[in-house]
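As a basis for the values below, the full set of heavy atoms in this structure was taken, side chains included, without hydrogen atoms, waters or symmetry mates. Here is the naming used below: chain letters follow the sequence lines, and residue numbers restart at 1 for every chain.
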There are 2 protein chains.
Amino acid sequence: MTDAAPPSLLYSVKQVELATRARLDELLRPSGVTALQYTALTVLERRDGMSSAELARNSFVTPQSMSDLVGALERRGLIARSPDPASRRRHVISLTDDGRALLALHAPAVQHLEDEMLTGFTARERTVFRDLLNRARAALG
Amino acid sequence: MTDAAPPSLLYSVKQVELATRARLDELLRPSGVTALQYTALTVLERRDGMSSAELARNSFVTPQSMSDLVGALERRGLIARSPDPASRRRHVISLTDDGRALLALHAPAVQHLEDEMLTGFTARERTVFRDLLNRARAALG
DNA sequence: CTCAATCATCAGGAATCCTGAGTATCAGAG
DNA sequence: CTCTGATACTCAGGATTCCTGATGATTGAG
């Protein structure tokens, strides 16, 4: 009857992520890329030349699933794969100009979404939030 | 080539959620409930008597999707639906004893997962983290 | 060299979530 | 009261996602 227990932090994290993903999906719909595909593109933007397997580990999905996703992005011309000179079984993935253009196209709206999420946060709180999130992520292996 | 830009806070939130969901799925697999189903059960634990439509809004999915999920939980005997005396088109959803037992069964492991996520956090930081997450969620409408 | 591990991909299927359509109920305007 | 629009729920069908299992090529350790 009484619910003195506050929601768990696990739940709070999920809620924030659900809310942002819903907004992101809506925002991305016209481009025909999903939030997960967009996320993979932003990862490549920061760390160009990753392999499919690395992306899979980064996104906590199986290599097979990431292969599907990467295949879809390649067919749309947003990324390109090329053999890794250092290891013949790896393929390095790079953003194409189209991929970069798509990221640039949505960057303002995504930034606006982040600003909206941080409404009422002081600069100090934003820094703290980032720090706590990164530490939480690191603590989970 | 240089990637001076730090990952966005949107991305950091997603990473924490991905990491916890992966762990939660693994932890829940023996019971045959998904992380999303488990989450719905915890919501009902705190707010018994919600309708399917309310749960859908809470989880940012369509009412149809939530209807599937609720149907699955009902077939497994973890929840029960009954007509709402106050409004004949609503059905209120309650946890069954089996549903409560399933939550109790996993509560320790889930708590352990949360503790693991908060490794190195002071009590004050946990409070701040909760506050920031709740404010971020609220700011997203 | 041998063998276990890794990368990538194909095939098939299960699960999830969507759109569209339809029924029932409710609340408010006229 | 009646009409209208909104809401709750459900069924049907399909698209997508992501999984398991299997295969082939490559690598590196013993």
### Query
On DNA chain D, nearest-nucleotide positions of A:Arg88 versus B:Ala53: which is more 5'?
B:Ala53
### Message
When you measure from the centre of the six-membered ring of B:Phe129, is the NZ or CZ of B:Arg124 closer than 6.0 Å and no more than 45° off the axis?
### Response
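No, a cation-pi geometry is absent between B:Arg124 and B:Phe129.
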Single-linkage hydrophobic cluster [X]~[Y], side-chain heavy atoms < 4.5 angstrom:
| X | Y | result |
| --- | --- | --- |
| A:Leu18 | B:Leu132 | no |
| A:Val92 | A:Leu44 | no |
| A:Phe60 | A:Met50 | no |

Ion pair [X]/[Y], N-O distance below 4.0 Å:
| X | Y | answer |
| --- | --- | --- |
| A:Arg47 | A:Glu54 | no |
| B:Glu17 | A:Arg21 | no |
| B:Asp84 | B:Arg88 | no |
| B:Glu74 | B:Arg81 | yes |

### Query
Would you say the side-chain atoms of A:Gln111 and A:Asp115 include a donor-acceptor pair closer than 3.5 Å?
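Short answer, yes.
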### Task
Return the set of residues passing side-chain hydrogen bond (donor to acceptor under 3.5 Å, both in side chains) with B:Ser65 (not counting sequence neighbours), or none when no residue passes.
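Per chain and number, B:Ser65 pairs via side-chain hydrogen bond (donor to acceptor under 3.5 Å, both in side chains) with B:Thr62.
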Roughly how many Å is it from [atom1] in [X] to [atom2] in [N], rounded to a whole number?
| X | N | atom1 | atom2 | result |
| --- | --- | --- | --- | --- |
| B:Leu55 | C:dC17 | CG | C1' | 16 Å |
| A:Asp25 | C:dT19 | CG | P | 11 Å |
| A:Met50 | C:dA8 | CE | P | 11 Å |
| B:Leu36 | C:dT16 | CG | P | 9 Å |

### Message
For DNA chain C, which residues of residues 59-74 of chain A approach it to below 4.0 angstrom with any heavy atom?
### Response
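Per residue number, the list reads A:Pro63, A:Gln64, A:Ser67.
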### Task
Would you check if the side chain of A:Thr119 reaches a backbone N or O of B:Ala139 as a donor-acceptor pair within less than 3.5 Å?
no
### Query
Taking B:Thr20 for the side chain and B:Val16 for the main chain, is one N or O donor matched with an acceptor at less than 3.5 Å?
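Flag set: sc B:Thr20 to bb B:Val16 pair under 3.5 Å.
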### Query
How sharply is the helix from C:dC1-D:dG30 to C:dG30-D:dC1 bent, taking the axes over five pairs at either end and rounding to 10 degrees?
30°
### Message
Over all strands shown, is A:Arg29 touching base, sugar-phosphate only, or nothing at heavy-atom distances under 4.0 angstrom?
### Response
nothing
### Interface limits on DNA chain D, where chain A has a heavy atom under 4.0 Å of a nucleotide atom
D:dT17 to D:dT27
Could you go through nucleotides 3-6 of chain C and list every protein N or O atom that sits under 3.5 Å from one of its N or O atoms, giving the distance for each pair?
unit_1, atom_1, unit_2, atom_2, d
C:dT6, O2, A:Arg89, NH1, 2.6

### Query
OP1 or OP2 of C:dT9 sitting under 4.0 Å from any side-chain N/O of A:Arg81?
yes
### Query
Which pairs count as side chain to side chain donor-acceptor pair (under 3.5 Å) when at least one residue sits in residues 26-41 of chain A, sequence neighbours excluded?
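Found A:Ser31-A:His106.
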